[in-house]
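Taking it in order: structure first as structure tokens, then the write-up.
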Amino acid sequence: MTRGARKEGLSRRHRFAGRGAFVSALRSPRKLRGASSILHVLAGRPGQSRFGLALPKRIARRAVDRNRMKRLAREAFRRHAVKAAGLDLVIAGRQPFSRNEESRWVAEVRGLLDRVAGER
RNA sequence: GAAGCAGGCCGGACGGUCGCCGUGCCGCAGUUGCGGUGCGGAGGAAAGUCGGGACUCCACAGGGCAGCGUAGCGGGUAACUCCCGUCCGCCGUGAGGCGAGGAUCAGAGCAACAGAGACGAGCCGGUUAAGUCCGGGUGAAACGGGCAAUCUCUACGCGGAGCAACACCAAAUAGGCAGACGACGACGCGGCCCGCCGAGUCUGCGGGUAGGUGGCUUGAGCGCCGCGGCAACGCGUCGCCCAGAGGAAUGACCGUCAUAGCCCGCAAGGGCCGUAACAGAAUCCCGCUUACAGGCUUGCUUCACAC
């Protein structure tokens, strides 16, 4: 069994597959509030956390900004220890995002992931 | 040299580490996969979705009406509301710019203010043989026309929906159809056989959802050169293959060098900042429109200076 993911990889195993796969995580009672977003947590497959983002157009009108947020958040998850915790994680954006907040957004995502990792 | 006009082009480069998507090869795994390695991986607008096509499915004898679109003339194109040439009108000293630029003896309609009267001819004053001639403050326009982006007429064009199109594969659940079995159940007055009904069980079939695959990137393609053409563009030789995701990859970090900006210096130069505007492919093309830090470049105009 060569299941072992590479140390810093982030492939499809760590994503949600299929339409509506987010829904169960979004309905989960475990939530962590950040400054501009909410992290939903649900128990998933052991050893492989999954990570997803729900960013409505309301938060970032332009496609570039939404892409940017996703990429930055994924990068944070990729390097984070929760990746092996076996949790389904979905970050739902709440507050509008503007372009000069990139570093703030990364810090927020890291903070949320730290809190989940610390809780267990 | 200073102002300006019209185009064309670029819109960081190189390297390293860690990742993501696609794909060729190799190895492992009876498949899904996993690992290694090579190669490819956002834009000039990918945007708005405004015109036009290709491609699918649906509809369709032929013709007309209605509706919509276009409008000097000629050309280009698969096609267009696009592009090129040219005429006319207006604007500009000029290079140039702008223009829905066919028709109002086929017909209808034309606001407000002013004015006696506004699309109909009459009215008022003077004059004459005679509606014969002259004038009428106003107003953009007053007897003669104007407006067709008001309807209309003429000519030409136009079927509808869209890749979430469409084609194929295909769980689970509910229901449909067919067949088999079928309770010590119902009916044939009772029992057995038999027939028939039958909850249910099994099998098969078809529709169909989730899901999957195809469509999906080689094309009105790109580059060089030659030829034809004032040009748009066309033809030909040779070379090239240039993203294909799918809740949606193209990212993060770090060096070096250049660019803009800022500071020091007479200068050579040094230092600071740290990649910068608009913005992220979604079936594919041709256009148009809109957004845009900074930079390169071609032709031309006017003015000034010099010879």
Side-chain angles (χ1 to χ4, degrees):
Chain A
M1 284 299 109
T2 47
R3 171 70 52 71
R6 280 159 296 168
K7 198 166 41 174
E8 295 188 335
L10 178 72
S11 66
R12 295 193 184 283
R13 281 198 309 274
H14 295 289
R15 293 195 218 145
F16 289 89
R19 207 171 299 250
F22 278 15
V23 177
S24 56
L26 286 171
R27 288 191 182 139
S28 162
R30 283 182 71 189
K31 294 175 195 169
L32 295 177
R33 283 177 196 284
S36 65
S37 61
I38 295 180
L39 173 64
H40 300 263
V41 184
L42 187 67
R45 290 181 61 188
Q48 282 180 18
S49 291
R50 295 191 296 175
F51 184 67
L53 289 145
L55 303 171
K57 256 190 182 173
R58 175 167 51 80
I59 284 185
R61 182 140 302 280
R62 298 181 312 157
V64 214
D65 292 335
R66 289 195 299 279
N67 263 332
R68 190 90 190 119
M69 290 177 77
K70 285 189 204 169
R71 285 165 178 168
L72 290 169
R74 277 202 206 109
E75 188 66 16
F77 172 77
R78 198 193 119 212
R79 305 243 186 197
H80 204 278
V82 255
K83 202 175 68 171
L87 298 170
D88 281 354
L89 304 167
V90 174
I91 290 186
R94 279 295 138 108
Q95 298 298 316
F97 170 84
S98 70
R99 251 186 289 184
N100 49 18
E101 292 183 313
E102 283 192 4
S103 56
R104 218 217 80 248
W105 167 249
V106 173
E108 177 175 338
V109 173
R110 286 224 183 90
L112 286 169
L113 295 178
D114 285 342
R115 282 164 62 193
V116 186
E119 267 188 6
R120 353 184 36 242

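In what follows, every chain begins at residue 1, and chains take the letters A, B, ... in the order their sequences are listed. Just so you know, these numbers use all the heavy atoms, side chains as well, and skip hydrogens, waters and symmetry mates.
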Every protein N/O within reach of nucleotides 42-47 of chain B N/O, cut-off under 3.5 Å:
from: B:A42; atom 1: N1; to: A:Arg71; atom 2: NH2; distance (Å): 3.4

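- In this view, A:Glu102 and A:Arg68, A:Leu72, A:Phe97 satisfy the side chain to side chain contact (heavy atoms under 4.5 Å, CB included) rule, not counting sequence neighbours.
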Per-pair distances, 0.1 Å, donor-acceptor, side chain in residues 52-62 of chain A, under 3.5 Å, sequence neighbours excluded:
from: A:Arg62; atom 1: NE; to: A:Asp65; atom 2: OD2; distance (Å): 3.2
from: A:Arg62; atom 1: NH2; to: A:Asp65; atom 2: OD1; distance (Å): 3.0
from: A:Arg62; atom 1: NH2; to: A:Asp65; atom 2: OD2; distance (Å): 3.1

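- A:His40 is linked by a side chain to side chain donor-acceptor pair (under 3.5 Å) to nothing, counting only residues two or more places apart in sequence or in another chain.
- Among B:A248, B:G251, B:A252, the nucleotide with an atom closest to any side-chain atom of A:Arg78 is B:G251.
- Heavy-atom neighbours of A:Arg33 CZ from other residues, nucleotides or ligands within 6.0 Å: at or below the threshold of 12.
- In terms of phosphate contacts, A:Arg61 brings no side-chain nitrogen or oxygen within less than 4.0 Å of OP1 or OP2 of B:G280.
- Comparing the C1' positions of B:U209 and B:A170 gives an interatomic distance of 10 Å, to the nearest angstrom.
- Shown here, B:U283 forms a base pair with B:A54; the pair counts as Watson-Crick or G-U wobble because both key distances fall under 3.5 Å.
- Residues satisfying the side chain to side chain contact (heavy atoms under 4.5 Å, CB included) test with A:Ala81, not counting sequence neighbours, are none.
- Residue contacts for A:Arg66: at a heavy-atom cut-off of 4.0 Å it reaches no nucleic acid atom on any strand shown.
- Across all strands shown, nothing is found opposite B:G144 as a Watson-Crick or G-U wobble partner with both distances under 3.5 Å.
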Report, one pair per line, the protein and nucleotides 272-279 of chain B atoms (nitrogen or oxygen only) whose separation is under 3.5 Å.
from: B:C278; atom 1: OP2; to: A:Arg99; atom 2: NH1; distance (Å): 3.1
from: B:A279; atom 1: OP2; to: A:Arg62; atom 2: NH1; distance (Å): 2.8

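- In this structure, B:C242 shows a glycosidic angle within 90 degrees of zero, which is the syn conformation.
- In this entry B:C303 has B:G1 as its Watson-Crick or G-U wobble partner, both defining distances falling under 3.5 Å.
- For B:G211, the paired nucleotide is B:C169, the pair qualifying as Watson-Crick or G-U wobble because both relevant distances are below 3.5 Å.
- The P atoms of B:C88 and B:A121 are separated by 38 Å, rounded to the nearest whole Å.
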